[in-house]
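Encoded as structure tokens, the structure appears first; notes follow it.
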There are 2 protein chains.
Amino acid sequence: MSVAPSRQEQKERTREAILNAALDLSRDHGFAQISLRQVARQAGVVPTAFYRHFDSMDELGLALVERSFLTLRTMIREAQGDPDVLDNIIEASAEVLVRVVKQNRMHFAFVARERASGSAAVREAIQRELELFISELAVVLARLPHLDRWSSDDVKMASGLFVRNMVYRAEQVVQMPEGRPDREEEITRKAQREMRLIVLGFEKWES
Amino acid sequence: MSVAPSRQEQKERTREAILNAALDLSRDHGFAQISLRQVARQAGVVPTAFYRHFDSMDELGLALVERSFLTLRTMIREAQGDPDVLDNIIEASAEVLVRVVKQNRMHFAFVARERASGSAAVREAIQRELELFISELAVVLARLPHLDRWSSDDVKMASGLFVRNMVYRAEQVVQMPEGRPDREEEITRKAQREMRLIVLGFEKWES
DNA sequence: ACTTTCAGTGTACGCATGTTCACTGATGGA
DNA sequence: TCCATCAGTGAACATGCGTACACTGAAAGT
């Protein structure tokens with residue numbers, strides 16, 4: 001027999017249902033074009049109940065941004081903990097990328113989609129988080145051979161190149177039909193080739 | 001005294017007004033979230049007249065994709081004609097990029113925004129056009145030193161890196177507030193640094 | 001045991017939407 | 001000159017929207 005949930009627990013549960021409903025509906029139509037009523041319906045709740053959790057759709061969007069970047073940070077932390085990554089940044093990080101993206105498809109899809117097109121508030125939040133993420137990755141990169149002597153501007157440039165590559169490949173993984181390990185391998189391979197090319201540039205870089 | 005326009009001319013004029021209205025409204029809200037009635041209103045025409053030119057908003061979107069990529073092709077042709085580009089691909093092409101994007105702000109904004117988020121039809125059309133564009137640029141790149149001996153796959157990778165970099169920088173130019181030559185210069189500089197890094201990689205690339 | 005709090009309900013409203021239909025009147029071919 | 005064509009009109013419709021408001025009833029505080 002399950003115990004009756006406390007009021008707080010129940011509220012949290014509904015909030016979660018709303019977030020998931022929005023994420024789910026965004027998949028097909030984009031967050032900006034789904035309505036408050038659609039979200040409420042999918043969450044199994046009456047439209048007005050929505051307001052007990054969020055003031056507006058915009059606020060819901062910001063909450064989704066926050067939640068999505070939480071999983072992005074998990075990735076960078078995982079990459080940092082992995083001893084392979086420092087030895088072999090390219091192969092290891094490309095694999096971490098594809099794996100984490102596959103596990104969190106919806107979150108990455110949301111970020112990739114709304115980055116350029118969401119409401120102004122959502123778009124700005126994503127840009128800010130992405131900048132933050134680039135800075136965090138730069139700290140990791142700064143410990144690599146060749147890069148440890150660079151100016152911080154240069155390291156950030158490298159980090160930016162990697163992250164943009166990552167976002168692009170994540171878009172592809174997200175759009176990839178399920179159960180196509182061949183496509184997945186191809187994406188991993190292409191990402192690796194590109195990162196290898198960039199790293200080759202690092203070795204000759206000056207100023 | 002101006003001559004009365006022919007029926008065809010007048011129709012073409014209205015069609016153009018609808019396209020421009022849609023492009024203009026997309027700027028703030030994204031194409032996917034503007035309504036047929038808004039477009040008609042902005043074009044100075046009654047909603048039902050819209051149907052004389054397009055069957056649906058989706059078809060309007062596809063027409064905008066086509067028109068936008070027409071200006072993109074202008075850019076590549078201009079770059080091909082410019083003798084500086086072959087000698088000094090990086091500086092010259094970065095400048096061509098920023099200039100052309102500034103001249104065609106709205107078209108680039110449209111492509112960048114709807115690439116990841118438009119309706120399925122619009123999204124797919126843009127992806128297809130972008131692939132085509134990468135292939136065309138690859139033909140130009142194949143004539144560069146170091147690259148002339150590469151496999152066509154490798155040249156396409158290089159082309160893809162440049163184009164993605166271009167799309168990203170175009171997004172920034174578009175979002176840039178008007179009359180900020182300092183920001184513009186910074187973007188040009190960053191784009192150049194990144195392209196230079198990639199080209200450095202080219203010189204050491206094998207297989 | 002009582003009262004308060006508050007997550008979720010149900011109704012009602014005014015508004016913008018996409019699409020239909022019958023129409024008008026200038027253009028342009030006969 | 002007459003008449004067909006057809007780009008653009010204007011009214012009407014059903015529908016879905018965001019939000020206001022008064023409400024209910026169980027959980028939590030006393």
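Heavy atoms only: backbone and side chains are in, while hydrogens, waters and symmetry mates are out. In the text below, chain A, chain B and the rest are named by the order of the sequence lines, each starting its count at 1. Model, not experiment: these values are computed from the prediction.
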Identify, residue by residue, the members of residues 17-41 of chain A with a heavy atom below 4.0 Å from DNA chain D, and return them in order of residue number, or none. A:Ser35, A:Leu36, A:Arg37, A:Gln38, A:Arg41

In whole angstrom, what separates [X]'s [atom1] from [N]'s [atom2]?
X       : N      : atom1 : atom2 : result
B:His53 : D:dT9  : NE2   : C1'   : 13 Å
A:Glu9  : D:dA28 : CD    : C1'   : 14 Å
A:Phe50 : D:dT19 : CZ    : P     : 9 Å
A:Met57 : D:dC17 : CE    : C1'   : 12 Å
A:Tyr51 : C:dC6  : OH    : C1'   : 18 Å
A:Asp55 : D:dG18 : CG    : C1'   : 14 Å

Identify, with sequence neighbours excluded, every residue that meets ring pair (Phe, Tyr, Trp, His ring centres under 6.0 Å) alongside B:Tyr168. none

Pair listing, side chain to side chain donor-acceptor pair (under 3.5 Å) test, anchored in residues 110-133 of chain B, at least two apart: A:Ser117-B:Ser117, A:Glu171-B:Arg115, B:Asp58-B:Ser119, B:Arg73-B:Glu129

Could you tell me whether A:Arg189 and A:Glu194 make a salt bridge, using a distance below 4.0 angstrom between a side-chain N and a carboxylate O? no

Ionic contact status for B:Lys190 with B:Glu186, cut-off 4.0 Å: yes

Are any protein N/O atoms closer than 3.5 Å to N/O atoms in nucleotides 21-25 of chain C? If there are, list each pair with its distance.
none

Map B:Thr14 and A:Pro47 onto DNA chain D by nearest heavy atom, then report which one ends up closer to the 5' terminus. B:Thr14

Show me the donor-acceptor pairs, under 3.5 Å and distance only, between side chains in residues 21-36 of chain B and residues at least two apart or in other chains.
residue	atom	partner	partner atom	Å
B:Asp24	OD2	B:Gln42	NE2	2.9
B:Ser26	OG	B:Ala22	O	2.6
B:Gln33	NE2	B:His29	O	2.7
B:Ser35	OG	B:Gln38	N	3.1

I want to confirm an ordering. Mapping B:Gln8 and B:Ser56 to their closest nucleotides on DNA chain C, which one lands closer to the 5' end? B:Ser56

Does one side chain, of A:Arg169 or A:Gln172, offer a donor that lies under 3.5 Å from an acceptor on the other? yes

Going by heavy atoms in the side chains, are A:Phe133 and A:Leu72 under 4.5 Å from each other? yes

Using a 3.5 Å cut-off and no angle test, enumerate the donor-acceptor pairs between side-chain atoms of residues 88-95 of chain A and protein atoms at least two apart in sequence or in another chain.
residue	atom	partner	partner atom	Å
A:Ser93	OG	A:Ile89	O	2.5
A:Ser93	OG	A:Ile90	O	3.4

Kindly point out which of C:dA7, C:dT9, C:dT20 is positioned nearest to the side chain of A:Lys11? C:dA7

